[in-house]
Amino acid sequence: MTNNNQFNVDVQSGMLTGVTIAGLFNPLDKALYLSVVNKRPFLLKANFENPWHGFSQAIVSRSISDGSYYVLQSQMTSLFDQHIKQPLHLNDWQNQLGIGLTAGSLRGFLINWLYAIRFRTWKTHADTFYSSARDMWKNGGFRPFMKGASATIGRDAVFGIVYEVTRHNKDENPSTQFARNIVSGSLAAVASSPLNYLRSMAYASSPELKALGARKVFTDLWHESKSCLTLPSKLSFFQRRFLIGYGTARVGLGMAAGQFLFDKMRNTLDQLNSENEVVSKEKRSLK
């Protein structure tokens, strides 16, 4: 299969995976975001009101944002395996680190603006994804779409590195691989959780105002934690703020489900393309 054909297969598989995962997990994603920015318990009923709000209007953007990692992962795997690993004498874990770093960083850079609009829709209860985008442009021009960009790139880079390095070994058993992907996704979520918190705070700021810097956000968070007088209560405070628990479980399960769907769809499309190529060659030989 040519590189162009493989890219097309990856994009189709990523879009289908993205829209499926986004639809299944939209209620949890919205509730997690609202629990962070409003500083309230995750299981509060208010977090789950209108659980699929904005999804139908933003289905294309959701499929892109939720499926793009797998597309970049596949493309970077081909790039590193074919052109980088051998010339640079990388061992397996170094190769996976490079794949995760580049795939994660590129994903954060390319789709941060989609995240910014999506989270704005959730916060303001806007009627549509597009009305949120218009409001952001009207009140802040280009700036609101760039909010959280550095935090998103950093978060996705850290996530990609941890996820790719920890999920790979020689065991190809599907059930074992699925469980490993859950664990790897969960570990990646924990490692990147401080940057995820920083990103959420940036998205929550008003379009016309500049987002607070990392030092200010984490200094305020530290001062807030001082109300917790014991070590267990302080650890519990940061666990809630960084969504280590519910958020971790959601990410781990979402990554494993997405990886499973993407791999299945890509293999199916690869097989169909190969069969079509054989049929085309046979037809040409009969002419």
Side-chain angles (χ1 to χ4, degrees), residues 18 21-22 25-42 47 61-62 65-70 72-73 100-101 103-123 144-166 181-205 211-222 224-225 235-256 258:
I21 296 301
F25 289 95
N26 192 78
L28 289 177
D29 291 341
K30 180 183 177 184
L32 288 166
Y33 171 70
L34 292 176
S35 72
V36 171
V37 299
N38 295 314
K39 299 179 181 179
R40 61 197 189 194
F42 167 67
N47 293 333
S61 65
R62 295 299 303 272
S65 63
D66 287 31
S68 58
Y69 178 80
Y70 303 108
L72 291 167
Q73 175 201 66
L101 173 63
S105 299
L106 284 172
R107 180 179 185 268
F109 174 76
L110 291 172
I111 66 171
N112 178 73
W113 62 278
L114 287 174
Y115 282 128
I117 300 172
R118 181 201 304 180
F119 282 74
R120 179 71 178 174
T121 303
W122 288 345
K123 183 187 178 185
F145 299 94
M146 294 302 295
K147 281 189 176 182
S150 58
T152 300
I153 294 170
R155 186 205 72 150
D156 286 1
V158 171
F159 186 96
I161 289 171
V162 176
Y163 178 68
E164 294 300 334
V165 170
T166 58
N181 285 343
I182 292 178
V183 173
S184 296
S186 300
L187 290 173
V190 172
S192 60
S193 59
L195 289 169
N196 190 58
Y197 177 83
L198 178 62
R199 183 188 73 148
S200 294
M201 292 299 101
Y203 292 155
S205 61
L212 298 176
R215 177 178 294 183
K216 174 64 174 174
V217 169
F218 289 123
T219 298
D220 289 348
L221 185 65
W222 177 253
E224 189 179 351
S225 74
L235 292 175
S236 178
F237 169 84
F238 284 108
Q239 174 263 321
R240 293 193 304 271
R241 287 292 182 268
F242 291 158
L243 292 176
I244 298 173
Y246 293 116
T248 304
R250 179 267 177 261
V251 173
L253 182 59
M255 286 301 297

Minimum heavy-atom separation for [X] and [Y], please, with both atom names.
X	Y	answer
Y70	G258	OH-CA, 3.4 Å
R199	G148	CG-O, 4.3 Å
Q239	I244	NE2-O, 2.5 Å
A157	S105	CB-OG, 3.4 Å
R155	L195	N-CD1, 3.6 Å
G100	Y69	CA-OH, 4.4 Å

Taking atom [atom1] of [X] and atom [atom2] of [Y], what is their separation to the nearest 0.5 Å?
X	Y	atom1	atom2	answer
N26	I21	CG	CD1	12.0 Å
T248	I182	OG1	CD1	13.0 Å
S193	R241	OG	CZ	13.5 Å
E164	F159	CD	CZ	9.0 Å
R107	L72	CZ	CG	8.5 Å
N196	D156	CG	CG	9.0 Å

Side chain to side chain donor-acceptor pair (under 3.5 Å) between S192 and Y163, intermediate numbers included: CA-CA 11 Å; S192 60; Y163 178 68; over 6 Å; no

Main-chain N/O of [Y] paired with [X] side-chain donor or acceptor, under 3.5 Å:
X	Y	value
N38	L34	yes
S225	W222	yes
T219	K216	no

Residues forming a ring-ring contact (aromatic ring centres under 6.0 Å, His included) with Y197, sequence neighbours excluded: F242

Those residues that, when tested against R240, pass salt bridge (Lys or Arg N to Asp or Glu O under 4.0 Å) (two or more places apart): none

Sub-4.5 Å side-chain heavy-atom contact between L253 and F25: yes

N112 side chain reached by Y203 side chain, heavy atoms, under 4.5 Å: yes

Over 12 non-hydrogen atoms of neighbours within 6.0 angstrom of OH in Y246: no

Check against side chain to side chain contact (heavy atoms under 4.5 Å, CB included), L243 and S35: CA-CA 9 Å; L243 292 176; S35 72; 3.8 Å; yes

T152 and W113: CA distance, side-chain angles, deciding distance, side chain to side chain contact (heavy atoms under 4.5 Å, CB included) verdict: CA-CA 10 Å; T152 300; W113 62 278; over 6 Å; no

